[in-house]
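Some notes on the structure that comes next.
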2 protein chains.
Amino acid sequence: MQRVSGRRQQSAALACNNRPARVDPVNNRVTIVDVAARAGVAISSVSSALNDRPGVSEATRKRIVEAAHELGFVPSLRGRSLSSKRAFSVGLVVHRDPSVLESDPFFGSFIGGIETVLDAQNYALILQMGSEKIETLERYRSLAANRRVDGVFLSELGVEDPRIPLVEELGLPAVGVNAEPDFPLPAVRQSHVEGIRELVDHLVSHGHRRLALVTGPTEFIHAGQRLRAWSEAVAAHDLAPGEVVEGDFTYEGGVAAASRLLTDRAPDERPTAVMCSNDLSAIGFLARADELGVRAPDDISVAGFDGIALGSYIRPSLSTIATTPRLLGVEAARMLLAAIAGERVDDVDIAPARLLPRGSTGPAPAHS
Amino acid sequence: MQRVSGRRQQSAALACNNRPARVDPVNNRVTIVDVAARAGVAISSVSSALNDRPGVSEATRKRIVEAAHELGFVPSLRGRSLSSKRAFSVGLVVHRDPSVLESDPFFGSFIGGIETVLDAQNYALILQMGSEKIETLERYRSLAANRRVDGVFLSELGVEDPRIPLVEELGLPAVGVNAEPDFPLPAVRQSHVEGIRELVDHLVSHGHRRLALVTGPTEFIHAGQRLRAWSEAVAAHDLAPGEVVEGDFTYEGGVAAASRLLTDRAPDERPTAVMCSNDLSAIGFLARADELGVRAPDDISVAGFDGIALGSYIRPSLSTIATTPRLLGVEAARMLLAAIAGERVDDVDIAPARLLPRGSTGPAPAHS
DNA sequence: CACCTCTACCGAAACGTTTCGGCTTTCGGT
DNA sequence: ACCGAAAGCCGAAACGTTTCGGTAGAGGTG
């Protein structure tokens, strides 16, 4: 290593060995000054050249790029941050129970999708978890207070979600995920009305007439959205809306819903087909139904919503409406970066969630 | 809002309204200069005062703190970063399939634990996901190249893990999670030998003599660790080591293992008790066994490893060895922050994982 | 009273970029 | 041959901290 020790100087140009780029172990890193010296230009030119800004001739640009490469120059994120008033990272605050990531496929894939986009632009994702709602809000606030992030994702939106006024007040770029139509910020959405309609069609065409729905907690907007889509689809077949039970997206919620809908009832008073608002609760529903001697798909048809891997493993395998969280993440990230860049960003609708019929749904029981 | 518009000046002291702390929506934020002006001191004194450094009298310190509070001063992370050469964030690169977070409880709770510690110190977690191994390594490298993080967690360690030499070369503080004894960096560990021994004792005391093990992929060190613990515990009962099948931590892996161990065999050639290296594969094993007409716990006892919530839902509920990833995260974060602060940090062993006997294990079949 | 020490505080440099006004140089047009 | 514009390049300020050397004054000592 012939690098001069101590602080680097203009003399860096002397170290003309053509070694490949190499990161210094300790903090003695190569800066824009070194590159400028080596290329024999001013640092402002280096900056312009490396950021593809006009005002640099092609010849010098090439020389600068070469010098940068030879020295293994990596622009300091810190200097950049301070100067350009950007953090080069975006935030996602997960505001549910810490055990969410355990069983919820959404965030894993969603984050995966986000990553692919961020990475390409040298942005990073800061993940925070808050179990309490209040705490979550505080998280957003502090994230914004020291400008640790340039923007945030708003997922799992609630009705009257306090995060919306918050980010507006803070002037923090944000994009919503599966937001309501009147959402005041850019949003990416995956429609579920098609999938739900397909499911209802599927069920009705198999002779089902007594349908029921297990919703999510009504504080989340998608509970209402799915309820509405369901009601419309059912009404389109001139059927009664059927029972609606509020669940909570958990396995136990599904169990409770099954108990509620299936115990102390004559078979012809039970629904013959049930849609649960997510796969996990559908799986709970199936388990409890089985315990109660109500078999799927013979005695009852059950469908979920999400398309988690586990659903294809259980027996009977779970019919579901498959969403594409990864794609949602990709689009959300793209939009957020655009918003941060100050571009006008339009809402995006990705391909709707579709019915994925599997083993847990089938013909209605004959005697019904 | 009586704040002077445009750039702030020393005249900030004039804005003597005692409003509560308030963050400016746009980038026109209150800086250390404003605080200094208001308190009538030099900015260096403000810095010292707010960072609890000596050289400030109690009186002025109080005055400064007050001024800072009145103005709602939040030190700029960016300025701080540049000046102090720290990023105030740490990195975690998850290097498995994006679907990992779907079904693996580990990361959710682990991250939750990390968060609680980081948050208290105003650190943030940067999460990256890389499906490919190489890609993952590149992630670490770029994370370090622009010094986006001050340290990283090394989880899911592999044998001869290339990340170890990498962080050493980069001089990047790191802590290992469940590392081998000869791990060259600080590590937090949760022993599983106790739990595995408890499980083997439990099985043997229930009359089991033909045991089998479904491991994880051998490229992960914990596959070897668990295999060793298992072998020793079995040997302690003077039993044959039994069959060992390599799984892959997935549901399908469990299915495959069950097919392998249970088909084309007379009942007295089958193992009567099986431990799978994680819960998910144990659940897969159970499902496949059931399909093959081998019932748990009557015909076969099956246990998992992890303690995921789902295990308590299925029927029979899954006996398992319960780990505490959250605690692992807490300790890992504590250690990493200490390492970053330059303190000497010793390895930590948290309370061992313990057997959680549930429905999927029981007495060995009578005829065996 | 002169000297020294220590404390509290200040000023300025440093961290590594981006950005902007201004200076040369070049070149096309008359 | 001259002028103006535009392009290429430079220097310096700015971003908001931390840190370090230095200074004034208080207080103690001989």
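Order of the sequence lines fixes the chain letters, A, B, ..., with proteins taken first and strands second; residue numbering starts at 1 for each chain. Computed over heavy atoms, backbone and side chain alike; hydrogens, waters and symmetry mates excluded.
- C/dC10 atom P lies 8 Å from atom CD1 of B/I64, rounded to whole Å.
- To the nearest angstrom, P of C/dT18 lies 12 Å from CG of B/L82.
- Distance alone, capped at 3.5 Å, is enough to place a donor-acceptor pair between the A/D347 side chain and the A/A187 backbone.
- Looking at heavy-atom distances under 4.0 Å, A/I43 makes contact with a base.
- Qualifying side chain to side chain donor-acceptor pair (under 3.5 Å) partners for B/N146, counting only residues two or more places apart in sequence or in other chains: none.
- Close to D/dT18, at under 4.0 Å from its OP1 or OP2, lies a side-chain N or O of B/R80.
- As a whole-Å value, the separation of A/R78 CZ from C/dC15 P is 13 Å.
- Counting all heavy atoms, side chain and backbone alike, B/V345 lies closest to B/P186 at CG2-CB, 3.5 Å.
- Residue B/R147 contributes atom CZ, which lies 16 Å from atom P of C/dC15 at whole-angstrom precision.
- Distance from the side chain of B/N51 is smallest to D/dT18 among D/dT17, D/dT18, C/dT18.
- Atom CZ in A/R29 sits roughly 16 Å away from atom C1' in C/dA14 (whole-Å rounding).
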| task | Please report the C-alpha distance between B/R334 and B/E331 in whole Å, then the side-chain angles of each, then the deciding distance to 0.1 Å, and finally whether the salt bridge (charged side-chain N to carboxylate O under 4.0 Å, His left out) criterion is met. | result | CA-CA 5 Å; B/R334 234 198 275 287; B/E331 282 307 328; 3.6 Å; yes

Detail all sub-3.5 Å separations between protein N/O atoms and N/O atoms belonging to nucleotides 5-9 of chain C.
from	atom 1	to	atom 2	distance (Å)
C/dC9	OP1	B/S57	OG	3.4
C/dC9	OP1	B/T60	OG1	3.3
C/dC9	OP2	B/S57	N	2.8
C/dC9	OP2	B/S57	OG	3.4
C/dC9	OP2	B/T60	OG1	2.8

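- Residue A/R53 places at least one side-chain N or O closer than 4.0 Å to OP1 or OP2 of C/dT19.
- Side-chain contact of A/S57 with A/T60: a donor-acceptor pair under 3.5 Å is present, judged by distance alone.
- Computed from coordinates, the B/K85 NZ to D/dC20 P distance equals 12 Å when rounded to whole Å.
- In this structure, CD1 on B/I32 lies 12.0 Å from CG on B/L71, to the nearest 0.5 angstrom.
- Remark: B/F107 CZ to A/L127 CG distance equals 12.5 Å, nearest 0.5 Å.
- Residue B/S47 places at least one side-chain N or O closer than 4.0 Å to OP1 or OP2 of D/dT18.
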| field | Full working for salt bridge (charged side-chain N to carboxylate O under 4.0 Å, His left out) between A/R163 and A/E168 | value | CA-CA 8 Å; A/R163 293 175 293 172; A/E168 286 187 315; over 6 Å; no

| Step-by-step salt bridge (charged side-chain N to carboxylate O under 4.0 Å, His left out) determination, B/D119 to A/R139 | CA-CA 9 Å; B/D119 212 52; A/R139 284 296 215 332; 3.2 Å; yes

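- Residue B/R86 contributes atom CZ, which lies 8 Å from atom P of D/dT19 at whole-angstrom precision.
- End-to-end axis angle for the helix from C/dC1-D/dG30 to C/dT30-D/dA1, using five pairs per end and rounding to 10°, comes out at 50°.
- A straight line from CG of B/L71 to P of D/dG16 spans 14 Å, rounded to a whole angstrom.
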